Colleague: 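Take this structure, written in structure tokens, and hold onto it; I'll ask about it next.
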Protein chains: 4
Amino acid sequence: MALERAADRALQRDGFRGRIDKRQAILQAAWTVFSRDGYSHATIEAIAMEARVAKTTIYNHFGDKETLLRHAVAADAERVAARNIAAIERLVPDRTRLRAALEELGYQLLRCHCDEQSWQLRRILVAEVGRLPDLLDIADQRAMSRIVGVLADRFARLTIAGLLTTGDPLLAAEQFSALLNGPADARSRLGTRRISDRELHALARDAVSTFLQAFGPPAREA
Amino acid sequence: MALERAADRALQRDGFRGRIDKRQAILQAAWTVFSRDGYSHATIEAIAMEARVAKTTIYNHFGDKETLLRHAVAADAERVAARNIAAIERLVPDRTRLRAALEELGYQLLRCHCDEQSWQLRRILVAEVGRLPDLLDIADQRAMSRIVGVLADRFARLTIAGLLTTGDPLLAAEQFSALLNGPADARSRLGTRRISDRELHALARDAVSTFLQAFGPPAREA
Amino acid sequence: MALERAADRALQRDGFRGRIDKRQAILQAAWTVFSRDGYSHATIEAIAMEARVAKTTIYNHFGDKETLLRHAVAADAERVAARNIAAIERLVPDRTRLRAALEELGYQLLRCHCDEQSWQLRRILVAEVGRLPDLLDIADQRAMSRIVGVLADRFARLTIAGLLTTGDPLLAAEQFSALLNGPADARSRLGTRRISDRELHALARDAVSTFLQAFGPPAREA
Amino acid sequence: MALERAADRALQRDGFRGRIDKRQAILQAAWTVFSRDGYSHATIEAIAMEARVAKTTIYNHFGDKETLLRHAVAADAERVAARNIAAIERLVPDRTRLRAALEELGYQLLRCHCDEQSWQLRRILVAEVGRLPDLLDIADQRAMSRIVGVLADRFARLTIAGLLTTGDPLLAAEQFSALLNGPADARSRLGTRRISDRELHALARDAVSTFLQAFGPPAREA
DNA sequence: AATGAATGAGCCTTCATTCAT
DNA sequence: CATGAATGAAGGCTCATTCAT
């Protein structure tokens with residue numbers, strides 16, 4: 001809400017040093033610091049320095065640390081969602097190379113999932129969900145739910161097109177995600193270890209393989 | 001190591017400045033507080049009060065907050081692992097009701113997974129893995145790895161018995177877990193919402209269903 | 001360096017959470033407390049109270065206790081040096097009453113040396129030089145060295161004027177100081193006991209007497 | 001006082017590991033730690049470890065930290081005094097090489113004065129004299145006063161023997177010490193820097209030179 | 001709206017000291 | 001007497017937050 005107010009004056013004058021918009025700078029800096037240090041260890045001062053802004057300015061814009069976190073999380077969730085959805089929407093229903101297409105999609109989703117930024121978002125969510133439960137709402141409605149939703153849509157269309165056999169596209173979408181992310185989480189040691197591209201491809205292949213045996217096209221694919 | 005020293009005097013009277021088993025009391029209290037408040041928000045003082053002990057006593061036993069966390073995590077991981085493994089080992093290879101048995105196993109694992117204690121352990125791990133990477137090692141080697149390992153063993157036996165078709169039992173175990181936990185995580189809103197028993201059963205059924213289509217017995221079971 | 005920033009607003013009103021010149025107030029309070037209690041026994045809280053300032057303000061200005069000590073020592077060394085040098089510069093080369101003039105100088109230097117403030121500075125230096133060796137540099141270059149240097153200059157001029165016979169004016173200055181301070185230190189029990197003015201005069205006389213026999217004017221004074 | 005009680009049983013039985021006497025071990029350890037870390041930074045625990053003794057044992061023997069310090073200081077003062085006095089007593093009244101003998105004495109006294117242990121004793125005295133004034137009495141009556149006293153005696157004898165001209169041997173002794181130690185203190189940066197033997201000899205020569213011009217034999221020695 | 005200075009609450013940790021055996 | 005465990009009282013330092021300009 002307050003997030004937009006600033007956008008309007010994003011182009012206004014502003015004395016000295018060229019600057020995009022303080023509010024934006026703060027949000028970026030906040031995310032940088034929050035995701036680097038975790039919410040509790042992050043300090044407003046660090047964020048202020050990163051944003052080249054006085055501490056008080058942050059308070060003027062966001063009121064307090066929690067609110068700042070909420071805004072930062074919202075912004076990041078948006079970014080994360082955008083990347084995931086873009087990947088999903090590249091999935092074309094092509095009868096002849098369904099498996100390849102799904103594998104490519106799986107790979108792309110895994111890349112998003114294993115990205116540092118994604119991990120950091122999840123880390124903060126998990127860490128703070130006890131104290132700040134609404135954080136999850138924010139992130140969920142901007143990223144998680146939307147992503148699975150879009151994926152389910154795709155699967156529904158593929159089902160209609162006779163390429164998949166999903167009684168419940170949403171369930172299929174959830175399981176597709178789970179088959180991708182579950183093993184990846186284990187292998188990346190909660191995002192601590194980088195997973196090579198080759199490994200990612202392998203993970204995608206395994207997931208798709210299982211997925212297709214359960215939800216593959218009606219007749220063939222025994 | 002030093003963890004056992006205390007056990008010896010576990011039976012003493014309580015005396016004035018009693019001693020029963022302070023170490024154990026501290027460990028329990030630590031876990032209570034850590035998992036309730038998160039590592040950073042937890043204070044040694046709160047733990048001391050919870051354990052009915054002087055703050056310094058904690059330092060005498062564990063040195064510092066981090067070390068205390070490590071010990072507490074280790075202890076809890078042990079508990080979590082025990083419960084999971086017990087559930088797995090109850091899985092009997094019975095040809096006629098394989099599906100029912102797997103569903104029961106899935107349900108039990110889900111109950112473990114969705115248990116508050118489990119969630120708290122995971123929360124702390126995820127939250128602090130950046131700053132304290134060895135925490136993951138501790139938990140992984142005491143719980144996560146062991147659990148998947150035992151599960152894989154089971155699947156291997158079932159494969160040999162001709163009840164499953166798993167080329168790579170470890171992969172099967174990972175995917176089985178993923179199919180269970182992934183959807184559960186989403187539905188429980190990262191452990192924030194309790195999932196009803198009925199829901200858990202449903203989740204188990206869905207997971208097993210997909211699982212069996214991929215890894216079911218060779219001939220039958222279309 | 002940062003020491004001056006505050007000077008600029010030295011004239012402001014006092015306001016509610018006044019500001020007059022906190023930095024200066026802190027420095028003074030710090031010296032009061034440090035020299036009263038010694039570095040280790042002094043607490044930041046005591047200093048804060050003495051300066052009527054919040055503890056944090058001290059940290060904002062000086063970063064930590066050590067740095068605060070360094071600044072306080074520097075400030076005090078400056079004061080001590082000023083007094084000593086002023087005394088030395090009052091020494092006029094007068095042929096007829098050289099002895100009287102030297103005795104007066106000796107007396108003045110002893111007064112400086114035996115002053116509480118001087119003793120406190122020395123106490124802290126000696127006590128902490130092990131842990132904080134650079135303290136000595138600070139004090140030395142602001143007080144000790146300068147003082148002996150100025151004294152040596154004076155003696156050099158007197159030598160040129162034929163009033164003294166100092167092959168090495170610096171040595172003469174050092175020995176002059178030593179003859180004054182050494183006995184004074186013993187008599188004052190490391191600054192614990194006040195020495196009466198009569199005693200100080202006597203000490204000066206003894207020192208000058210010995211000094212002149214070694215460095216007195218060329219011809220006479222066998 | 002309590003110091004002697006233990007000495008009596010120094011040879012008694014004592015269970016286990018061969019040991020000289022716990023009390024003695026504690027005293028040594030105390031001095032080691034006190035002089036290494038300074039009184040405030042020294043911890044009873046460190047002393048206990050150094051002495052291979054339980055903390056409580058220290059309390060059994062000495063009651064509290066201050067008392068322990070007093071005893072340790074007393075013991076060390078004794079040691080320091082012994083070394084100094086030994087040096088002084090080696091001074092023989094020899095007409096033909098008085099200067100050489102004095103220089104040798106000066107050199108020996110400087111070595112004592114500049115010794116680490118001496119500095120540490122002085123450091124602690126100076127640091128704590130405010131809070132624990134009786135420390136000075138202890139050290140003074142066991143070391144400082146005795147040393148100057150013995151030196152004054154020597155000078156008195158030399159005066160009677162016609163080798164020196166000291167109206168007040170005590171003054172002469174004090175000034176002799178001052179001429180030695182004053183410059184040495186400056187050059188050693190309060191005991192921080194080691195002074196080479198050559199330098200020490202030079203310092204002794206300078207001191208003796210001035211000293212003899214003031215207190216040399218009656219007629220000769222211009 | 002932006003800033004520099006100041007604040008108060010609190011946290012981790014240390015240490016001299018005391019119990020109970 | 002010696003010991004291991006436990007304690008209470010601080011102390012240094014950090015941080016979110018607020019004034020006053």
Side-chain angles (χ1 to χ4, degrees), chain A residues 5-6 9 12 14-16 22-23 26 40-48 53-61 63-66 68, chain B residues 5-6 9 12-13 15-19 22-23 26 40-48 52-61 63-66 68, chain C residues 5-6 9 12-13 15-19 21-23 26 40-48 52-66 68, chain D residues 6 9 12 14-16 22-23 40-48 53-61 63-66 68:
Chain A
R5 251 190 290 155
R9 0 181 193 82
Q12 294 180 337
D14 173 5
F16 273 4
K22 277 196 179 188
R23 191 180 183 90
I26 292 172
S40 325
H41 286 68
T43 83
I44 294 284
E45 178 152 38
I47 296 173
V53 171
K55 259 188 293 186
T56 325
T57 307
I58 297 182
Y59 283 92
N60 285 339
H61 275 290
D64 65 1
K65 202 185 173 189
E66 283 187 11
L68 179 54
Chain B
R5 253 190 290 153
R9 11 187 183 73
Q12 296 183 333
R13 96 247 92 258
F16 190 43
R17 285 149 139 192
R19 184 158 328 154
K22 306 266 181 185
R23 192 184 180 91
I26 292 171
S40 328
H41 288 70
T43 84
I44 294 283
E45 180 154 39
I47 296 172
R52 315 291 213 115
V53 170
K55 251 191 296 186
T56 321
T57 306
I58 298 183
Y59 284 94
N60 284 340
H61 277 289
D64 65 0
K65 203 185 172 188
E66 283 189 12
L68 178 55
Chain C
R5 253 190 290 154
R9 13 188 180 73
Q12 295 181 333
R13 95 248 91 256
F16 191 42
R17 285 149 139 191
R19 184 158 330 156
D21 201 355
K22 305 266 183 186
R23 193 183 180 90
I26 292 171
S40 327
H41 288 71
T43 85
I44 294 282
E45 180 154 38
I47 296 173
R52 316 291 213 115
V53 169
K55 249 190 300 183
T56 323
T57 307
I58 297 183
Y59 284 95
N60 284 341
H61 278 289
F62 297 96
D64 64 2
K65 202 185 173 190
E66 283 188 12
L68 178 55
Chain D
R9 0 182 194 79
Q12 295 178 336
D14 173 3
F16 274 3
K22 280 203 175 180
R23 191 182 182 90
S40 327
H41 285 68
T43 83
I44 294 284
E45 178 152 38
I47 296 173
V53 171
K55 261 189 290 186
T56 324
T57 307
I58 297 183
Y59 282 91
N60 284 339
H61 275 290
D64 66 0
K65 202 185 173 188
E66 283 187 12
L68 178 55

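Given the structure is predicted, the values throughout are model-derived calculations rather than measurements.
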Colleague: Salt bridge (Lys or Arg N to Asp or Glu O under 4.0 Å) with C:Glu66: which residues, sequence neighbours excluded?
Modeller: C:Arg70
Colleague: Return no unless some side-chain N or O of B:Lys22 is found under 4.0 Å from OP1 or OP2 of F:dT7.
Modeller: yes
Colleague: Expressed in angstrom and rounded to an integer, what is the separation of C:Ile47 atom CD1 from F:dG12 atom C1'?
Modeller: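 The answer, rounded to whole Å, is 11 Å.
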Colleague: Looking at E:dA6, I'd like to know if its phosphate oxygens (OP1 or OP2) sit under 4.0 Å from a side-chain N or O belonging to C:His61.
Modeller: yes
Colleague: Please list, chain by chain and in numerical order, all residues satisfying side-chain hydrogen bond (donor to acceptor under 3.5 Å, both in side chains) with A:Asn60, sequence neighbours excluded.
Modeller: none
Colleague: Quickly work out the C:Lys65 NZ to F:dC13 P distance and round it to whole Å.
Modeller: 8 Å
Colleague: Using Watson-Crick pairs (N1 to N3, plus N6-O4 or O6-N4) and G-U wobble pairs, both distances under 3.5 Å, which stems of at least 3 pairs involve DNA chain E?
Modeller: E:2-21 with F:2-21
Colleague: Any side-chain N or O of B:Thr56 below 4.0 angstrom from OP1/OP2 of F:dA6?
Modeller: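 Answer is no, no contact under 4.0 Å.
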Colleague: Between CD1 of A:Ile58 and NZ of A:Lys22, what distance do you get to the nearest 0.5 Å?
Modeller: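 Reported value, rounded in 0.5 Å steps: 11.0 Å.
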Colleague: For the base of E:dT17, is there a side-chain donor-acceptor partner from D:Lys55 under 3.5 Å away?
Modeller: yes
Colleague: Does any N or O donor sit under 3.5 Å from an N or O acceptor when you compare the side chain of A:Asn60 with the base of E:dA1?
Modeller: no
Colleague: Of D:Thr57 and A:Glu66, whose closest DNA chain F nucleotide lies nearer the 5' terminus?
Modeller: D:Thr57
